[in-house]
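Just so we're on the same page: letters track the sequence lines, and every chain starts at 1.
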Number of protein chains: 2
Amino acid sequence: MPPLPSSHPAPTSLTIGETARRTGLSVHALRFYEREGLLVGPVERTAGGRRRYAEADVDWLRICVKLRESGMPLADLKRFAELVRRGPGNEAERLELLDAHRHRVEAQIRALEECRSLIAWKVGVYADHVARGKAEGLWDPTGPR
Amino acid sequence: MPPLPSSHPAPTSLTIGETARRTGLSVHALRFYEREGLLVGPVERTAGGRRRYAEADVDWLRICVKLRESGMPLADLKRFAELVRRGPGNEAERLELLDAHRHRVEAQIRALEECRSLIAWKVGVYADHVARGKAEGLWDPTGPR
DNA sequence: GGTTGATCTAGAGCGCGCTCTAGTTCCTAA
DNA sequence: TTAGGAACTAGAGCGCGCTCTAGATCAACC
């Protein structure tokens, strides 16, 4: 995937606050992810001990955010990070992990679409009743509630 | 054991275990939902104090399951149950609640589809590398990890 | 009557994914 | 030089949605 257009000209060294803003994660979450071993490499530090994130870290974090959004558990994200950290030679494993997740995402989409149909139908029923100003039938146990 | 479903000859009275089987919820969850006020009506009891669910309860619970699956929080489900319990006259409120949820579901579907694209792309990259038996480029920080 | 299994209540516990606190240190700007 | 904000660590806390436990009762069957 092409790198996302950045409004900033690649400073190559970001504070945790800037990284938070760019990834949408909180600074707390960033430190938490690091502690949990969810990052691929160790984060650089300044002489004073402050974290310095590289662009590559932001790229990885953005992928993490997407995977999390789609419901990948932190444990899987950690496994993936470990595989990447270990370097070449385990591409098949990474593939398997991602592909399994893709299947889960697709199942989730199908489930949501089904829910959407149910909701759309019920919304239609209510809209109808509201428009007609009458609600007869809404209490029929075999009908919509 | 009461007659099995399929050709619903109106059992009109299900144990909590049967209701669990029919809705996919656990018996624990069923009691929990009841305590939380997520049901529309009070559940009947036998002389001995056991719950007896009606078909209408199962219908409602199945709707609950769908709404939960699509991410509706229990608090909203409770609000909805309260509106239904109060009877006719608040259809507009019910409509609003459902419609808001529908919008959330649609946003969620769009987000998931975006994630799916990302994953599919990465799966493609890895499949390619695995197929070629080589992994050059995987460590380029500007490339896929 | 006795055994077995389903159900009952009240309430504690848990897994996940952060979020927040306390107390301290670092850095920048005036 | 000093004030203020941002960042640091370790660890506690939390919101959600169940899940499980303990100890008792109920119900069906041999």
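Comparing dC8(D), dT7(C), dG17(D) by their nearest atom to the side chain of Ile16(B) picks out dT7(C). In this structure, of dA6(C), dT25(C), dG17(C), it is dA6(C) that holds the atom nearest to the side chain of Arg50(B).
Taking CD of Glu44(A) as the reference point, atom OG of Ser13(A) lies at 8.0 Å (rounded to 0.5 Å). Here CD of Glu93(A) is found 7.0 Å from CZ of Arg86(A). Values are rounded to the nearest 0.5 Å.
Leu30(A) places its CG atom 16 Å from the C1' atom of dC20(C), with the value rounded to the nearest Å. One interatomic measurement links the two molecules: NE2 of His28(A) to C1' of dA6(D), which rounds to 12 Å at whole-angstrom precision. In this structure, Glu34(B) atom CD and dT7(C) atom P are separated by 14 Å, rounded to whole Å. In this structure, Arg51(B) atom CZ and dT25(D) atom P are separated by 17 Å, rounded to whole Å. The interatomic distance linking Glu18(A) (CD) with dG5(D) (P) rounds to 18 Å, in whole Å. A straight line from CZ of Arg31(B) to C1' of dA22(D) spans 13 Å, rounded to a whole angstrom. Taking atom CD on Glu44(B) and atom P on dC8(C), their separation rounds to 14 Å, with Å as the unit. Separating the CZ atom of Arg21(A) from the C1' atom of dA7(D) is a distance of 13 Å, rounded to the nearest angstrom.
The pair Asp99(B)-Arg102(B) meets the salt-bridge criterion, with a side-chain N (NZ, NE, NH1 or NH2) lying under 4.0 Å from an Asp/Glu carboxylate O.
Looking at which nucleotide of DNA chain D each of Met72(B) and Gly48(B) is closest to, the 5′-most match is held by Met72(B). A residue-by-residue look at Arg35(B) and Val27(B) shows that Val27(B) has its nearest nucleotide of DNA chain C further toward the 5' end. Heavy-atom distances to DNA chain C give each of Phe32(A) and Arg52(A) a nearest nucleotide, and the one nearer the 5′ end belongs to Phe32(A).
Screening Arg94(A), Glu91(A), Glu96(A) for a side-chain hydrogen bond (donor to acceptor under 3.5 Å, both in side chains) involving Tyr126(B) leaves a single residue, Arg94(A). Under the side chain to side chain contact (heavy atoms under 4.5 Å, CB included) test applied with Thr23(A), the options Val58(A), Asp57(A), Ile63(A), Leu14(A) reduce to a single match, Val58(A).
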Legend entry - Chi angles and distances behind the salt bridge (charged side-chain N to carboxylate O under 4.0 Å, His left out) call for Arg22(A), Glu55(A): CA-CA 10 Å; Arg22(A) 293 191 185 200; Glu55(A) 288 293 334; 3.4 Å; yes
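In this structure, Phe80(A) and Trp60(A) have tilted ring planes: the angle between them lies in the 30° to 60° band.
A sub-4.0 Å separation between OP1 or OP2 of dG17(C) and a side-chain N or O of Tyr33(A) is absent. Within the 4.0 Å cut-off from OP1 or OP2 of dG17(D), at least one side-chain nitrogen or oxygen of Arg68(B) is found. Put simply, Thr15(A) has a side-chain N or O that comes within less than 4.0 Å of OP1 or OP2 on dA7(D). The phosphate of dT9(C) (OP1 or OP2) has a side-chain N or O of Arg45(B) nearer than 4.0 angstrom. The side chain of Thr46(A) places an N or O atom within less than 4.0 Å of a non-bridging phosphate oxygen (OP1 or OP2) of dC27(C).
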Sequence neighbours excluded and cut-off under 3.5 Å, please list the side-chain donor-acceptor pairs for residues 24-32 of chain B, or say none.
residue  : atom : partner  : partner atom : Å
Ser26(B) : OG   : His28(B) : N            : 3.4
Ser26(B) : OG   : Ala29(B) : N            : 2.9

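Defining each end axis of the helix from dG1(C)-dC30(D) to dA30(C)-dT1(D) as the rotation carrying four pairs' C1' atoms onto the next four, with five pairs an end, the two axes are found to diverge by 0° to 10 degrees.
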